[in-house]
Trainee: 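Below is a structure I'd like to ask you about.
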Amino acid sequence: MNIAKVIVDVPASSINQTFDYLVPEKFQDILQTGMRVIVPFGPRKIMGFVVGKSSESSFDKLKEIVDVLDLIPALTPELLDLGKWLANETLSLYITALQAMLPQVMKAQYNKEIVRMTDSELSSEFENLFAGRDIIAYEEVEGSAISYYQLQKAVQDGDISIDYLVKSKITKKHVTMIKPARSPHLLEEAIYDLSKNAKKQLLLLQYFLEKPEAIAKQQLLKALKTTDSTVKALIDKGLLESFQMEVYRNPYDDDAFARTVALELTEEQTTAILPIKENISNEKHDVFLLHGVTGSGKTEVYLQSIQDVLDKGKEAIVLVPEISLTPQMVKRFKGRFGSNVAVMHSALSVGEKYDEWRRIQRKEVQVVVGARSAIFAPFENIGIIIIDEEHETSYKQEDQPRYHARDVAIHRGETHQCPVILGSATPTLESYARAQKGVYKLATLSKRTNEKAMPEVEIIDMRDELHAGNRTMFSRKLKTRVEQCIQRGEQIVLLLNRRGYSTFVMCRDCGHVKECPHCDIALTFHKNSSQLKCHYCSYEEPMPVECPECTSDLIRYFGTGTQKVEEALAKLIPEARVIRMDVDTTRRKGAHEKLLTQFANKEADILLGTQMIAKGLDFENVTLVGVLTADSMLHLPDFRSSEKTFQLLTQVSGRAGRHELSGEVIVQTYTPDHYSIELASNYNFNDFYLKEMAMRKTFQYPPYVFLALLTISHENKIKAVQTAQKIVQMLLKNIQSDSKVLGPTPSPIPRIKDRYRYQCMIKYKNEPDLRSYINKIMDIFKDEMRKEDLQITVDMQPYHLM
DNA sequence: AGCACGCCGACT
DNA sequence: GTCGGCGTGCTC
């Protein structure tokens, strides 16, 4: 078994296979499957994953593994298999799938250096370049007078060599530890030998006689009120020794969380949890859809199920949407399970993420709470997987590998024979339909634990406001209610449903809209820099003073940004104290938390924000929720727009009146009769489900069909269209008669970064070989993809049809 | 992907 | 001859 099968870090379809390497003697005992290694690959050195071992190879001239990067395999055998499945499922490369399962820092960085190989005089260009040094960065050559040809020649002549380096980005944090270097009786002897003035040394030795275990140096110095030099003196005498110990950056102070105990479950909760507990104790895999209204105590069901899993000595993965991974959520898990919880989300620094991951890998925690990628937690004995807010679109990864965390969860649940719980107040139609069919087990929590009714929702028709001469974005009713609320000392949450709107710039005279010169999309106005920016490429330009088309100076920005609402609010209700929460005000680390704390401390009357305030927040003093533009995403070209609207309205309504005070919700809209708005106002999920399912059936959308989206892009529009047409023809030849291929049509954003984009959509019910057809097609175009910069991307079960 | 190699054409 | 550009094929 001295041959390793390695998947190398080269994301190209022609390299999507294992390469064989010899394992040198010195690594034979330590090398295990799943470890990262450095291997020579052509002239360079690159990172790779050992995915298997063998005693023979069909290749006769094998190179040797240069180095091993891990002591413990980075990937368990299960995760290696999972990666293969994932790559296959999402039509991505194996290496891409493997990389997606590890924290950012474990990706390799590559560097090139030029090494001087001779002491004899080189040409003056090279002498200038080296300037007395022996090794220089490769980048320095690029700025110098030396041509590539000269460089090549110098390498051939043996004057210099080019070194390819693989650097692991990992930064481990260390502390210096001190411990006795001799046995206790020798220390005692040493005490007698100490000079009389060495009082501090005496103190130190006495300390270690009492507590011989290692202690952090900083801590030791503080406790004994001494300095570095005393310790050093004893180390020099050989009585103590110091060593480095790796520490983890724990971003959360575990002691700071007040511990909680299991709450008594309501009848509904007890009924819901019972089959889950059975699953856990019988080590059986089922998928449960926990459909519970906001405030019905889903989290308590999670917590108690997890407790069962921990009692069995197994592990738990909890996924929560990034946006609701708030301190409040973390608090609930840390409060119940203390330091047994690792937290993984994007607000952590890369180092912190790595540390949390290592705590999982070393089995120092049994519970992980995290966003999408936490589904790849390297646990080996999973007892439960929970996906909270199952309907959230952030569970779908939008770049390669384009996976859905729910699918990965169910796959891992099968492997580990453990239950998977999908929780939501507004499940996706896909999941609810499966629950109806009995594929998933449905559990319903229809009552709030505090027995309070859901807040009353009032729909305001904004067209009436307009007819009555109110041109502001606040209806008269909302304005009055806000004022009343402030007078009573209660708080308000205002949601600006911004998706679909942005602050674009339009000329009021001629209607000209400023677009990005490289992408077919309106530029977005950024007030603080007074720049127009493109959200798809990095293009930006200053805000024009006059219209470039008609030179009118009536060019203004449009759309309803939170900033604009804030300004309007200040005019309309000057006494209101407002906290604005959007991407701009929460960009800084910890800003999110700070703003919420301020609001909780009643330092403001109104919390104004985008979707990010719709979820998971729980403030007892909030009695009014206002939705400024309920229908802004209803008109997007997205078959899920009604579903998303219904979900958002239901979620945000749940923010009001969660405690003693009863709540009220005001929803402003231009389409008050739309079923998603009407039914959300009555909390009628069931009718919404039936109505929306009927729509999906009529228009043949999921869950009635599966989707696959192919996007073809090229600099040349004709080339893009023609290729897309060819692809459609090829697909039509292969697919079943009840499948459909739509397109090619221009993508919703027809051009990004000067590339024209066309797409075709496959709607299918049963297409077992679809993935291999698509692979075949990609293979046919692989030459054009490489030589002519043609791009074809595939998204199985797409969420955004872009 | 990223690199070397080899062919070709331009320039001293 | 010398140098740079670009297309092609390979990487255990």
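The sequence lines fix the lettering, A, B, ..., with proteins before strands; numbering per chain opens at 1.
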Trainee: For Ile30(A), check side chain to side chain contact (heavy atoms under 4.5 Å, CB included) against everything at least two apart and list the hits.
Mentor: Phe27(A)

Trainee: Return all side-chain donor-acceptor pairs below 3.5 angstrom for residues 5-12 of chain A, not counting sequence neighbours, or 'none' if the list is empty.
Mentor:
residue : atom : partner   : partner atom : Å
Lys5(A) : NZ   : Asp20(A)  : OD1          : 3.1
Lys5(A) : NZ   : Asp20(A)  : OD2          : 3.4
Asp9(A) : OD1  : Gln99(A)  : NE2          : 3.1
Asp9(A) : OD2  : Tyr110(A) : OH           : 2.7

Trainee: Using a cut-off of strictly less than 4.0 Å between a heavy atom of the residue and any atom of DNA chain C, enumerate the qualifying residues of residues 86-103 of chain A by number.
Mentor: none

Trainee: Would you tabulate the nitrogen or oxygen pairs shorter than 3.5 Å linking the protein to nucleotides 5-12 of chain C?
Mentor:
residue : atom : partner   : partner atom : Å
dG9(C)  : O6   : Arg786(A) : NH2          : 2.7
dT11(C) : O3'  : Gly42(A)  : N            : 3.0
dC12(C) : OP1  : Tyr21(A)  : OH           : 3.3
dC12(C) : OP1  : Pro40(A)  : O            : 3.0
dC12(C) : OP2  : Lys63(A)  : NZ           : 2.5
dC12(C) : O3'  : Asp20(A)  : O            : 2.7
dC12(C) : O3'  : Lys63(A)  : N            : 2.8
dC12(C) : O2   : Asp20(A)  : N            : 2.8

Trainee: Please write out each protein N/O paired with an N/O of nucleotides 4-6 of chain B under 3.5 Å, distance rounded to 0.1 Å.
Mentor:
residue : atom : partner   : partner atom : Å
dA4(B)  : OP1  : Tyr164(A) : OH           : 3.3
dA4(B)  : OP2  : Tyr148(A) : OH           : 2.8

Trainee: Rounded to whole Å, please give me the gap between CD in Gln400(A) and C1' in dA1(B).
Mentor: 15 Å

Trainee: Would Lys353(A) and Glu356(A) pass as an ion pair if we require N to O under 4.0 Å?
Mentor: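 A salt bridge is absent here (no side-chain N lies under 4.0 Å from a carboxylate O).
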
Trainee: Going by side chain to side chain contact (heavy atoms under 4.5 Å, CB included), name the residues that satisfy it together with Glu715(A), two or more places apart in sequence or in a different chain.
Mentor: none

Trainee: Think Lys763(A) forms a cation-pi with Tyr701(A), using NZ or CZ under 6.0 Å from the six-ring centre and within 45 degrees of its axis?
Mentor: yes

Trainee: With a sphere of 6.0 Å drawn around NZ of Lys53(A), does it hold more than 12 non-hydrogen atoms of other residues, nucleotides or ligands?
Mentor: yes

Trainee: Are Arg640(A) and Glu430(A) ion-paired here, with the side-chain N under 4.0 Å from a carboxylate O?
Mentor: yes

Trainee: Using atom CG of Leu165(A) as one end and atom C1' of dG2(B) as the other, report the distance to the nearest whole Å.
Mentor: 16 Å

Trainee: Let me know the distance between CD1 of Ile146(A) and P of dG4(C), rounded to the nearest Å.
Mentor: 12 Å

Trainee: Taking OP1 and OP2 of dC3(B), is either one under 4.0 Å from a side-chain nitrogen or oxygen of Lys112(A)?
Mentor: yes

Trainee: One thing to verify: whether Arg36(A) and Asp70(A) come together as a salt bridge, which I'm taking to mean a side-chain N less than 4.0 angstrom from a carboxylate O.
Mentor: yes

Trainee: Using whole Å, what does the distance between atom P of nucleotide dG2(B) and atom CE of Met47(A) come to?
Mentor: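 The distance from CE of Met47(A) to P of dG2(B) comes to 14 Å, rounded to the nearest Å.
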
Trainee: Would you classify Lys45(A) as touching base, sugar-phosphate or nothing, given that sugar-phosphate means primed atoms plus P, OP1 and OP2, and contacts are heavy atoms under 4.0 Å?
Mentor: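 Since no nucleic acid heavy atom lies under 4.0 Å of Lys45(A), the category is nothing.
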
Trainee: Got a list of side-chain donor-acceptor pairs under 3.5 Å for residues 82-91 of chain A, not counting sequence neighbours?
Mentor:
residue  : atom : partner   : partner atom : Å
Trp85(A) : NE1  : His411(A) : ND1          : 3.4
Thr90(A) : OG1  : Leu86(A)  : O            : 2.8
Thr90(A) : OG1  : Ser92(A)  : OG           : 2.5

Trainee: Sequence neighbours excluded, which residues qualify as side chain to side chain contact (heavy atoms under 4.5 Å, CB included) partners of Ile162(A)?
Mentor: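 Scan of Ile162(A) (side chain to side chain contact (heavy atoms under 4.5 Å, CB included), adjacent residues dropped) gives Lys112(A), Tyr138(A), Leu151(A), Val155(A), Tyr164(A).
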
Trainee: Suppose we screen for side chain to side chain contact (heavy atoms under 4.5 Å, CB included). Which residues come up paired with Arg406(A), at least two apart in sequence or across chains?
Mentor: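 Scan of Arg406(A) (side chain to side chain contact (heavy atoms under 4.5 Å, CB included), adjacent residues dropped) gives Ile387(A), Glu390(A), His404(A), Ile410(A), Leu422(A), Thr428(A), Ser431(A), Tyr440(A), Tyr799(A).
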
Trainee: Any ring pair (Phe, Tyr, Trp, His ring centres under 6.0 Å) pairs touching residues 705-728 of chain A, not counting sequence neighbours?
Mentor: Phe706(A)-Tyr764(A)

Trainee: Dump the pairs, protein N or O against N or O of nucleotides 9-11 of chain B, anything under 3.5 Å, distances to one decimal.
Mentor:
none

Trainee: Only pairs under 3.5 Å count here: list side-chain donor-acceptor contacts from residues 789-798 of chain A, not counting sequence neighbours, and write none if there are none.
Mentor:
residue   : atom : partner   : partner atom : Å
Asp789(A) : OD2  : Arg755(A) : NH1          : 3.1
Asp795(A) : OD1  : Lys396(A) : NZ           : 2.6
Gln797(A) : OE1  : Leu707(A) : N            : 3.1

